[in-house]
J.: 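Structure incoming, see below.
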Amino acid sequence: MMELTITQPDDWHLHLRDGSLLEAVLPHSAKNFGRAIVMPNLKPPISTTSAAVTYRESILKAIPTDSNFTPLMTLYLTDLTTPDEIKLAKKSGLVYGVKLYPAGATTNSQDGVTDLFGNCFSVLEEMVEQNLPLLVHGEVTNSDVDIFDREKVFIETILEPLVQRLPQLKVVMEHITTADAVKFVESCKEATVTPQHLLLNRNALFQGGLQPHNYCLPVLKREIHRQAIVSAVTSGSKRFFLGTDSAPHDRRRKECSCGCAGIYNSPVALSLYAKVFEEAGALDKLEAFTSFNGPDFYGLPRNKSKIKLRKAPWKVPDCFSFPIGDIVPMFAGETLEWEALPC
């Protein structure tokens with residue numbers, strides 16, 4: 001039986017939600033990941049340092065007693081964010097990045113930025129001074145742009161000009177989905193990569209009928225883009241690191257006339273990353289992607305604890321049932337070849 005022992009991974013892009021949903025899903029992340037960059041798109045958004053501190057306290061209360069999980073907080077960038085707020089965030093020692101949501105781009109992004117250069121440039125300059133990374137949801141929201149082209153256009157119209165004007169700004173392009181994003185990242189910046197964008201292409205949205213649990217934003221793309229991302233991630237490049245973008249929704253909010261975007265993959269993420277690297281003949285590069293590249297970028301120590309990945313078939317539950325409702329995980333009901341175990 002094949003087994004790998006690796007340094008405990010971190011999740012550098014995670015949605016934990018709040019309230020009862022937070023309490024329901026947090027144990028799945030805390031089981032395998034040492035730390036996680038927690039996304040701030042709640043209602044209302046986590047747009048101030050004081051709100052981030054309060055949200056962190058609620059997360060800490062929900063962590064299982066046998067877990068060493070540590071939440072790393074972020075701020076939600078708005079048109080009204082100030083340079084002074086960035087100074088407060090850095091001084092707190094609890095905020096590790098500022099998330100850019102173009103207004104209307106994804107779940108709970110209605111308070112996002114409407115004009116990055118016009119409204120936020122002084123904030124971006126302060127982020128350079130404070131060495132706080134900008135974590136980017138990289139899509140334009142112009143209705144004239146095809147949804148499958150929104151990442152490419154964002155790179156051309158926003159990211160490339162931003163890098164030219166502020167080359168010292170640390171930028172993570174989150175959950176990349178295209179060969180265009182791979183090319184941009186390889187040239188100058190960093191990126192997180194999800195299991196779904198490594199394993200699924202846009203056909204997965206429609207096979208056998210509409211598949212709402214494969215719907216996420218940025219939306220899945222063509223096979224040529226999936227292959228480009230797999231090649232980049234399994235190459236050993238230090239610019240790419242694990243970020244699940246695990247985004248839980250109650251089944252009723254996914255299977256409805258206007259379903260929410262988001263794939264819940266925390267329970268299966270490490271199994272799926274192992275599958276990708278094994279199929280690429282790159283299991284020797286898995287640990288750097290899951291456990292080294294992220295903390296190295298954020299200037300944090302690598303975890304000292306270990307976990308074990310064992311090649312043994314197991315069936316993904318059809319759903320996870322909680323008092324708040326059912327949550328359907330990625331690859332629900334299917335058999336996976338790798339399982340993650342505490343060491």
Side-chain angles (χ1 to χ4, degrees), residues 1-6 8-9 11 14-17 21 23-33 36 64 66-67 69 193-216 220 226 230 233-234 242-255 259-283 286-287 289-290 306-343:
M1 182 178 296
M2 186 184 301
E3 288 188 348
L4 297 174
T5 299
I6 64 172
Q8 186 175 29
D11 187 345
L14 177 64
H15 297 272
L16 285 176
R17 312 306 190 197
L21 187 51
E23 295 172 0
V25 302
L26 177 55
H28 284 145
S29 292
K31 178 181 178 182
N32 294 319
F33 296 105
D66 60 348
S67 173
F69 181 82
V193 185
T194 75
Q196 55 264 30
H197 293 112
L198 286 168
L199 283 165
L200 304 177
N201 61 37
R202 66 186 189 179
N203 289 341
L205 291 167
F206 310 108
Q207 288 173 338
L210 189 62
Q211 301 295 325
H213 296 288
N214 288 338
Y215 171 53
C216 60
L220 300 170
R226 188 194 70 82
V230 170
V233 164
T234 59
L242 185 158
T244 64
D245 192 21
S246 186
H249 291 287
D250 183 302
R251 182 201 293 268
R252 292 167 296 188
R253 299 190 65 202
K254 293 288 290 181
E255 300 176 5
C260 292
I263 293 176
Y264 186 54
N265 61 36
S266 286
V268 299
L270 292 181
S271 302
L272 298 180
Y273 286 123
K275 171 183 172 66
V276 170
F277 277 77
E278 181 187 30
E279 291 178 348
L283 280 175
L286 176 64
E287 185 177 34
F289 171 78
T290 62
K306 303 286 185 178
I307 69 163
K308 186 177 294 183
L309 295 171
R310 181 173 66 188
K311 192 167 185 183
W314 67 282
K315 185 178 179 181
V316 181
D318 291 328
C319 69
F320 295 97
S321 296
F322 304 102
I324 57 170
D326 294 342
I327 301 175
V328 178
M330 186 177 178
F331 285 4
E334 298 189 30
T335 299
L336 301 184
E337 297 176 352
W338 289 87
E339 62 177 345
L341 304 167
C343 203

J.: Taking the ring centre of each residue, are Phe289 and Phe277 less than 6.0 Å apart?
T.: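 Centroid separation for Phe289 and Phe277: below 6.0 Å.
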J.: Looking at every heavy atom in both Lys254 and Pro212, which two are closest together, and how far apart are they?
T.: NZ-O, 2.9 Å
J.: Please report the closest heavy-atom contact between Leu220 and His197, naming both atoms and the distance.
T.: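 Looks like CD2-CD2, 3.7 Å.
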J.: Test Leu272 against Leu198 for side chain to side chain contact (heavy atoms under 4.5 Å, CB included), laying out the working first.
T.: CA-CA 9 Å; Leu272 298 180; Leu198 286 168; over 6 Å; no
J.: Between Met2 and Leu283, is any pair of side-chain heavy atoms under 4.5 Å apart?
T.: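 Yes, close enough: below the 4.5 Å cut-off.
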J.: Determine yes or no for a side-chain-to-main-chain donor-acceptor pair under 3.5 angstrom, with Ser321 supplying the side chain and Asp326 the backbone.
T.: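 No, Ser321 side chain to Asp326 backbone: no donor-acceptor pair under 3.5 Å.
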J.: Rounded to the nearest 0.5 Å, how far does CG of Leu309 lie from NZ of Lys275?
T.: 14.5 Å
J.: Go through it in stages, so that I can follow the logic: the residues are Val25 and Leu21, the test is side chain to side chain contact (heavy atoms under 4.5 Å, CB included), and I'd like the CA-CA distance, side-chain angles, deciding distance and then a yes or no.
T.: CA-CA 6 Å; Val25 302; Leu21 187 51; 4.0 Å; yes
J.: To the nearest 0.5 Å, how far apart are CZ in Arg226 and CG in Asn201?
T.: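 It comes to 6.5 Å.
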J.: Would you check, one step at a time, whether the test side-chain hydrogen bond (donor to acceptor under 3.5 Å, both in side chains) holds for His213 with Arg251?
T.: CA-CA 9 Å; His213 296 288; Arg251 182 201 293 268; 4.9 Å; no
J.: Taking side chain as C-beta onward, heavy atoms only, is Leu336 less than 4.5 Å from Val316?
T.: yes
J.: Say you draw a straight line from SG of Cys260 to CZ of Arg253; how long is it, rounded to the nearest 0.5 Å?
T.: 3.5 Å
J.: Taking Gln207 for its side chain and Leu205 for its backbone only, find out whether a donor-acceptor pair lies under 3.5 Å.
T.: no
J.: Rounded to the nearest 0.5 Å, what separation is found between the CD1 atom of Ile307 and the CG atom of Leu341?
T.: 8.5 Å
J.: Please round to the nearest 0.5 Å and tell me the distance separating atom CG of Asp318 and atom CD of Glu334.
T.: 10.5 Å
J.: Residues in salt bridge (charged side-chain N to carboxylate O under 4.0 Å, His left out) with Lys308, at least two apart?
T.: Glu3
J.: Of all the heavy-atom pairs spanning Leu200 and Met330, show the shortest one and how long it is.
T.: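 Where Leu200 meets Met330 most closely, the heavy atoms are CD1-CE, 3.9 Å.
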J.: Please tabulate, one pair per line, all N/O donor-acceptor pairs under 3.5 Å involving side-chain atoms of residues 263-270, not counting sequence neighbours.
T.:
unit_1: Tyr264; atom_1: OH; unit_2: His28; atom_2: ND1; d: 2.6
unit_1: Asn265; atom_1: ND2; unit_2: Gln196; atom_2: OE1; d: 2.8
unit_1: Asn265; atom_1: ND2; unit_2: Thr244; atom_2: O; d: 3.0
unit_1: Ser266; atom_1: OG; unit_2: Ser29; atom_2: OG; d: 3.1
unit_1: Ser266; atom_1: OG; unit_2: Ser246; atom_2: OG; d: 3.0

J.: Any side-chain to backbone donor/acceptor pair from Trp338 onto Ala312? Under 3.5 Å, distance only.
T.: no
J.: Could you check whether atom NZ of Lys315 has more than 12 heavy atoms from other residues, nucleotides or ligands sitting under 6.0 Å from it?
T.: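 No - once you tally the heavy atoms of other residues, nucleotides and ligands closer than 6.0 Å, there are 12 at most.
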J.: Does Glu339 pair with Lys311 as a salt bridge, N-O distance under 4.0 Å?
T.: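 Here Glu339 does not pair with Lys311 in a salt bridge, since their nearest N and O are not under 4.0 Å apart.
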J.: Start with the C-alpha distance between Phe69 and Leu26, add both sets of side-chain angles, then the distance that settles side chain to side chain contact (heavy atoms under 4.5 Å, CB included), and finish with yes or no.
T.: CA-CA 10 Å; Phe69 181 82; Leu26 177 55; 3.7 Å; yes
J.: Surrounding CZ of Arg202 (heavy atoms of other residues, nucleotides or ligands, distance under 6.0 Å), is the total greater than 12?
T.: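 Yes - once you tally the heavy atoms of other residues, nucleotides and ligands closer than 6.0 Å, there are more than 12.
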J.: Report yes if the side chains of Phe331 and Ser271 come closer than 4.5 Å at any heavy-atom pair, otherwise no.
T.: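 A side-chain contact is absent here, since even the closest heavy-atom pair is not under 4.5 Å.
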J.: How many angstroms lie between CG in Asp250 and SG in Cys319, if you round to the nearest 0.5 Å?
T.: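 Reported value, rounded in 0.5 Å steps: 10.0 Å.
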J.: Please answer whether the main-chain N or O of Ala340 pairs with a side-chain N or O of Arg310 as donor and acceptor at a distance below 3.5 Å.
T.: no
J.: Apply the test side chain to side chain contact (heavy atoms under 4.5 Å, CB included) to residues Asn214 and Phe206: give CA-CA distance (whole Å), side-chain angles for both, the deciding distance (0.1 Å), then the verdict.
T.: CA-CA 9 Å; Asn214 288 338; Phe206 310 108; over 6 Å; no
